[in-house]
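Notes for the one structure printed next.
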Amino acid sequence: MASPQTKNGYTRIANEILEVIAKTDLNGTQLRIVMVIWRYTYGFRRKEYEMSLVFLSEAIDTTKSHVKKELNALIGRRIINVVGIGKRRGRILSFNKNYEEWDDKSTTQQQQQDPPKEPISPTVNKKPKYDEDNTYYRMALYFHKLVSGVAKEAGVEHLIRKANMQTWADDFRKLIEIDGVDKHLAKSVMDWVTKDSFWKTNVLSAKKLREKFGELAIKMNATKNPVKPLRETVKDSRDKEIAFQKWVQEGKDPDEFDWGA
């Protein structure tokens with residue numbers, strides 16, 4: 001048999017508050033929320049306490065979404081105040097005992113239908129699009145290292161000091177996935193362009209590499225495989241002797257043989 005005793009704890013509520021709350025138009029969920037807030041504020045001789053939606057939904061045994069709707073209605077009617085945000089990111093709530101500030105239900109119907117939106121906390125430490133193990137991110141780091149050496153040698157390090165590796169990685173993704181460039185060819189062009197006397201100071205970013213890639217690949221291949229000039233035919237003097245012998249054998253005049261042709 002249940003036998004609650006005040007010696008085991010009790011909540012001090014002014015009779016005036018109990019009389020006013022009894023006349024206030026609250027639905028069952030709203031009244032239970034108020035009672036839980038009393039329990040964890042006045043019940044511990046404090047005026048406010050951090051209470052999340054999960055905490056309240058467990059305390060009154062209902063869904064989080066239902067608690068959110070009815071709590072926002074109580075806040076909108078100024079029966080419950082939001083003091084701030086606690087260490088656990090829950091709202092710090094307090095009961096507004098100045099009932100003269102409360103709004104009646106008729107003036108807050110719209111607020112109940114459209115509860116105030118909770119402020120959206122700014123995203124902290126957003127996960128990058130390309131992590132350190134991503135192939136395109138590694139390509140970006142590789143090219144950046146090559147370009148850094150060129151920039152340092154040319155005295156233009158400031159041009160790449162604030163390079164965004166996420167942006168570079170995305171340019172490499174577009175080069176491979178959209179432009180259809182083979183990864184091995186991309187690496188070969190990266191190695192070549194940072195050594196070429198002309199192009200190494202003109203291609204200092206992944207974006208520029210992608211823009212000029214076709215032209216760079218052609219020039220790289222031309223450099224590696226230069227067109228060899230046709231070897232001139234070396235005339236052998238013995239060919240003339242053979243031709244002369246044949247001329248004579250055919251009964252032609254030896255003096256008419258053309259030795260210069």
Side-chain angles (χ1 to χ4, degrees), residues 1-132 134 162 164-167 169-170:
M1 182 180 75
S3 179
Q5 302 294 325
T6 56
K7 65 180 181 179
N8 295 325
Y10 61 93
T11 300
R12 295 178 60 187
I13 302 290
N15 289 334
E16 187 175 355
I17 290 178
L18 292 175
E19 291 168 1
V20 172
I21 206 74
K23 298 176 182 178
T24 302
D25 190 2
L26 300 176
N27 61 34
T29 302
Q30 292 171 357
L31 181 58
R32 286 188 289 160
I33 291 173
V34 169
M35 293 178 69
V36 170
I37 292 175
W38 283 345
R39 170 70 181 87
Y40 286 94
T41 54
Y42 297 152
F44 287 86
R45 297 184 181 182
R46 56 194 174 198
K47 296 181 179 180
E48 59 195 42
Y49 185 61
E50 179 180 351
M51 286 174 266
S52 66
L53 294 176
V54 173
F55 175 86
L56 289 171
S57 65
E58 291 177 352
I60 66 173
D61 194 21
T62 190
T63 64
K64 178 181 172 181
S65 60
H66 191 45
V67 167
K68 181 178 180 180
K69 175 185 176 182
E70 302 304 339
L71 177 60
N72 283 331
L74 292 168
I75 294 171
R77 294 175 66 181
R78 295 195 289 274
I79 296 172
I80 301 300
N81 290 331
V82 178
V83 179
I85 302 297
K87 295 180 179 180
R88 297 184 297 275
R89 306 305 299 164
R91 287 181 288 189
I92 300 175
L93 305 176
S94 68
F95 177 76
N96 181 15
K97 65 180 181 180
N98 185 1
Y99 52 82
E100 292 181 352
E101 294 180 348
W102 300 355
D103 286 338
D104 58 35
K105 187 175 182 179
S106 61
T107 61
T108 58
Q109 288 179 347
Q110 186 61 37
Q111 290 177 319
Q112 291 186 48
Q113 294 173 4
D114 302 304
K117 295 182 179 180
E118 297 182 15
I120 300 175
S121 301
T123 303
V124 180
N125 296 327
K126 185 178 179 180
K127 185 178 179 180
K129 186 175 182 179
Y130 302 97
D131 58 38
E132 294 181 357
N134 185 275
K162 296 183 180 180
N164 187 326
M165 290 298 98
Q166 288 296 312
T167 301
D170 198 53

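For Thr41, there are no side-chain hydrogen bond (donor to acceptor under 3.5 Å, both in side chains) partners two or more places apart in sequence or in a different chain. For Tyr49, there are no ring pair (Phe, Tyr, Trp, His ring centres under 6.0 Å) partners at least two apart in sequence or on another chain. In this structure Asn164 satisfies the side-chain contact (heavy atoms from CB on, under 4.5 Å) test together with Gln166, Thr167, sequence neighbours excluded. Take Arg39 and apply the side-chain hydrogen bond (donor to acceptor under 3.5 Å, both in side chains) test, not counting sequence neighbours, and it matches no residue. Every residue two or more places apart in sequence or in another chain was checked for a side-chain hydrogen bond (donor to acceptor under 3.5 Å, both in side chains) with Glu100, and none qualifies. Under the rule for a side-chain contact (heavy atoms from CB on, under 4.5 Å), the partners of Ser3 that lie at least two apart in sequence or sit in another chain are Gln5. In terms of the side-chain contact (heavy atoms from CB on, under 4.5 Å) criterion, residue partners of Asn81 (sequence neighbours excluded) are, by chain and number, Ser94, Asn96. Every residue was checked against the side-chain hydrogen bond (donor to acceptor under 3.5 Å, both in side chains) condition with Asn8, not counting sequence neighbours, and none meets it. Residues satisfying the ring pair (Phe, Tyr, Trp, His ring centres under 6.0 Å) criterion with Phe55, sequence neighbours excluded, are Tyr40. Residues passing the side-chain contact (heavy atoms from CB on, under 4.5 Å) test with Leu31 are Ile21, Leu26, Met35, sequence neighbours excluded.
No donor-acceptor distance shorter than 3.5 angstrom exists from the side chain of Arg77 to the backbone of Trp102, with no hydrogens or angles considered. In this structure, the side chain of Arg78 engages the main chain of Glu101 through a donor-acceptor pair within 3.5 Å.
Across all non-hydrogen atoms, the minimal contact from Tyr130 to Asn134 is CD2-OD1, 3.5 Å. Nearest heavy atoms, Phe95 versus Ile37: N-CG2, 4.2 Å. For the pair Gln30 and Leu74, the tightest heavy-atom approach, listed with the atom from each and the gap, is O-CD1, 3.7 Å.
Note that CD1 of Ile80 is 8.0 Å distant from CE of Met51, once rounded to the nearest 0.5 Å. How far CG of Asp103 is from CD1 of Ile79: 8.5 Å, rounded to the nearest 0.5 Å. Distance check, rounded to the nearest 0.5 Å: CD of Glu70 to CG of Asn72 gives 9.5 Å.
Judged as a salt bridge (charged side-chain N to carboxylate O under 4.0 Å, His left out), not a single pair has a partner in residues 5-21 (not counting sequence neighbours). Sorted by first and then second residue, the pairs that involve residues 41-57 and meet salt bridge (charged side-chain N to carboxylate O under 4.0 Å, His left out), not counting sequence neighbours, are Glu50-Arg88.
Proximity of Tyr99 to Ile17: side-chain heavy atoms (C-beta onward) are nowhere separated by under 4.5 Å. Contact annotation: the side chain of Arg91 approaches that of Ile75 to within less than 4.5 Å [non-hydrogen atoms, C-beta and beyond].
Counted within 6.0 Å of CZ on Phe44, heavy atoms from surrounding residues, nucleotides or ligands total more than 12; the atom is thus considered enclosed.
A side chain to side chain contact (heavy atoms under 4.5 Å, CB included) with Leu93 is found for one member of Leu56, Ile33, Val36 and no other, namely Leu56.
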